[in-house]
Amino acid sequence: MTGPTTGTTPATTAPGGALDLNADLGEGFGRWRLTDDDALLSVVTSANVACGFHAGDPSTMRRVCERAAELGVRVGAQVSYRDLAGFGRRAMDVPPDELADEITYQVGALRVFARAAGTDVTYVKPHGALYNRTVTDAEQAAAVVAGVLRSGGALPVLGLPGSRLHEAAERAGLPVVTEAFADRAYTAAGTLVPRRTPGAVVLDPEEVVARSVRMARDASVTALTGEDVTVRARSLCLHGDTPGAAGLARRVRAALEAAGVRVEAFA
């Protein structure tokens with residue numbers, strides 16, 4: 001088996017192990033809403049809340065934080081390149097100092113709403129193009145970590161095992177949390193297949209459920225090209241913009257619990 005296996009958080013590889021379920025939430029803007037936030041918050045244990053740069057606005061951030069606090073769901077800052085038009089999925093070249101400032105700004109904005117709701121930001125996760133860039137780009141990864149540090153507190157960084165982002169976070173003394181994706185295809189190297197590639201998003205609900213259980217119990221997933229890849233994860237991402245996301249999330253959680261996996265937040 002091949003693939004990245006590093007990270008300070010151990011994999012869930014046996015019945016009874018703990019696994020966090022996270023989802024990207026608050027991904028609307030103004031009158032436009034993409035994710036069924038209330039339904040997903042009733043299933044997941046961690047909420048990656050859009051902070052206004054790829055999606056999200058003040059009212060949406062407030063609503064998601066309030067509902068998350070009511071349900072005991074952890075709030076995480078989903079930071080992004082400044083790319084509302086492209087939903088944060090377009091490649092951008094942002095100077096490191098500027099990127100660090102933008103990360104601090106996003107975490108700080110969400111923290112105000114979280115604290116007003118009686119909770120707090122408990123981790124940080126990059127979104128979209130920034131997430132993928134920081135898997136291999138050490139400079140951009142270091143800028144993200146610098147922004148997190150400046151936002152205050154030793155916030156855990158949620159990301160791909162073996163990424164440059166996790167290396168930078170560990171050097172800075174920040175906790176790292178390894179993540180897997182229920183509905184995204186993997187390369188043989190253990191990275192995510194680019195969205196423009198056919199088959200990059202797994203749409204078959206049965207396959208998503210089966211992959212989730214296998215990753216939780218066996219720390220393994222089959223790459224798009226057929227190889228078995230080791231994926232050691234403490235948190236499993238369920239994309240909120242996948243068709244039927246809330247119903248699929250409920251099925252994944254039920255299957256995990258039936259398989260003896262303890263579903264609980266990492267933070």
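Basis for what follows: all heavy atoms, side chains included, without hydrogens, waters or symmetry-related copies.
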Colleague: Do Leu84 and Phe29 come close enough that some side-chain heavy atom pair is under 4.5 Å?
Modeller: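 The answer is yes; the side chains approach within 4.5 Å.
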
Colleague: Taking atom CG of Asp204 as the centre, report whether more than 12 heavy atoms of other residues, nucleotides or ligands fall under 6.0 Å from it.
Modeller: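 Yes.
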
Colleague: Hey, what do you get for OG1 (Thr45) to CZ (Arg74), rounding to the nearest 0.5 Å?
Modeller: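 Output value for this atom pair is 8.5 Å.
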
Colleague: Walk me through whether Val145 and Leu165 qualify under side chain to side chain contact (heavy atoms under 4.5 Å, CB included).
Modeller: CA-CA 7 Å; Val145 169; Leu165 178 64; 4.1 Å; yes

Colleague: If the threshold is 4.0 Å, N to carboxylate O, is there a salt bridge linking Glu167 and Arg164?
Modeller: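 The answer is yes: the pair qualifies as a salt bridge.
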
Colleague: Does some side-chain heavy atom of Arg89 sit less than 4.5 Å from a side-chain heavy atom of His54?
Modeller: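 The answer is no, as the side chains (C-beta and beyond) never meet within the 4.5 Å cut-off.
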
Colleague: Are any of the side-chain heavy atoms of Val157 and Tyr123 separated by less than 4.5 Å?
Modeller: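 Heavy-atom side-chain distance check fails, nothing below 4.5 Å.
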
Colleague: With the side chain counted from C-beta on, respond yes when Cys237 and Lys125 share a heavy-atom pair under 4.5 Å apart, and no when they do not.
Modeller: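 Yes; the side chains approach each other to less than 4.5 Å.
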
Colleague: Working to the nearest 0.5 Å, report the span between CD of Glu179 and OH of Tyr131.
Modeller: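 These two atoms lie 4.0 Å from each other.
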
Colleague: Do Arg67 and Asp37 come within less than 4.5 Å of each other through their side chains, counting heavy atoms only?
Modeller: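 No, too far: nothing below the 4.5 Å cut-off.
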
Colleague: Between the side chain of Tyr186 and the main-chain N/O of Thr230, is any donor-acceptor distance below 3.5 Å?
Modeller: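 No, Tyr186 side chain to Thr230 backbone: no donor-acceptor pair under 3.5 Å.
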
Colleague: With a 3.5 Å distance limit and no angle check, can you tell me whether Arg211 reaches the backbone of Phe181 through a side-chain donor-acceptor pair?
Modeller: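 Yes, because the side chain of Arg211 sits within donor-acceptor range (under 3.5 Å) of the backbone of Phe181.
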
Colleague: Thr119 side chain to Ala114 main-chain N or O, any donor-acceptor pair under 3.5 Å?
Modeller: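 No, because the side chain of Thr119 does not come within donor-acceptor range (under 3.5 Å) of the backbone of Ala114.
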
Colleague: Using 0.5 Å steps for rounding, measure from the OG atom of Ser59 to the CE atom of Met61.
Modeller: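 Taking OG in Ser59 and CE in Met61, the distance rounds to 10.5 Å.
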
Colleague: Under 3.5 Å, is there a donor-acceptor pair between the side chain of Asp183 and the main chain of Val208?
Modeller: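 Not confirmed, Asp183 side chain does not pair with Val208 backbone.
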
Colleague: In terms of side-chain geometry, is the basic nitrogen of Arg150 or Asp101 positioned less than 4.0 Å from the acidic oxygen of its partner?
Modeller: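 Looking at Arg150 and Asp101, the cut-off is met.
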
Colleague: Quick check: do Asn48 and Leu158 have side-chain heavy atoms less than 4.5 Å from each other?
Modeller: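 Counting from C-beta outward, Asn48 and Leu158 do come under 4.5 Å.
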
Colleague: Is the closest basic N to carboxylate O distance between Arg133 and Glu139 below 4.0 Å?
Modeller: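 Salt bridge absent between Arg133 and Glu139.
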
Colleague: Taking the side chain as C-beta and beyond, is there a heavy-atom pair between Cys51 and Val107 under 4.5 Å?
Modeller: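 Side-chain contact under 4.5 Å: no.
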
Colleague: Do any N or O atoms from the side chain of Arg111 and from the backbone of Ser151 form a donor-acceptor pair under 3.5 angstrom?
Modeller: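 Yes.
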
Colleague: Are the side chain of His127 and the backbone of Phe87 linked by a donor-acceptor contact shorter than 3.5 Å?
Modeller: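 Answer holds: yes.
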
Colleague: Can you check whether Val252 reaches Leu236 side chain to side chain, under 4.5 Å on heavy atoms?
Modeller: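 Contact flag for Val252/Leu236 side chains = yes.
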
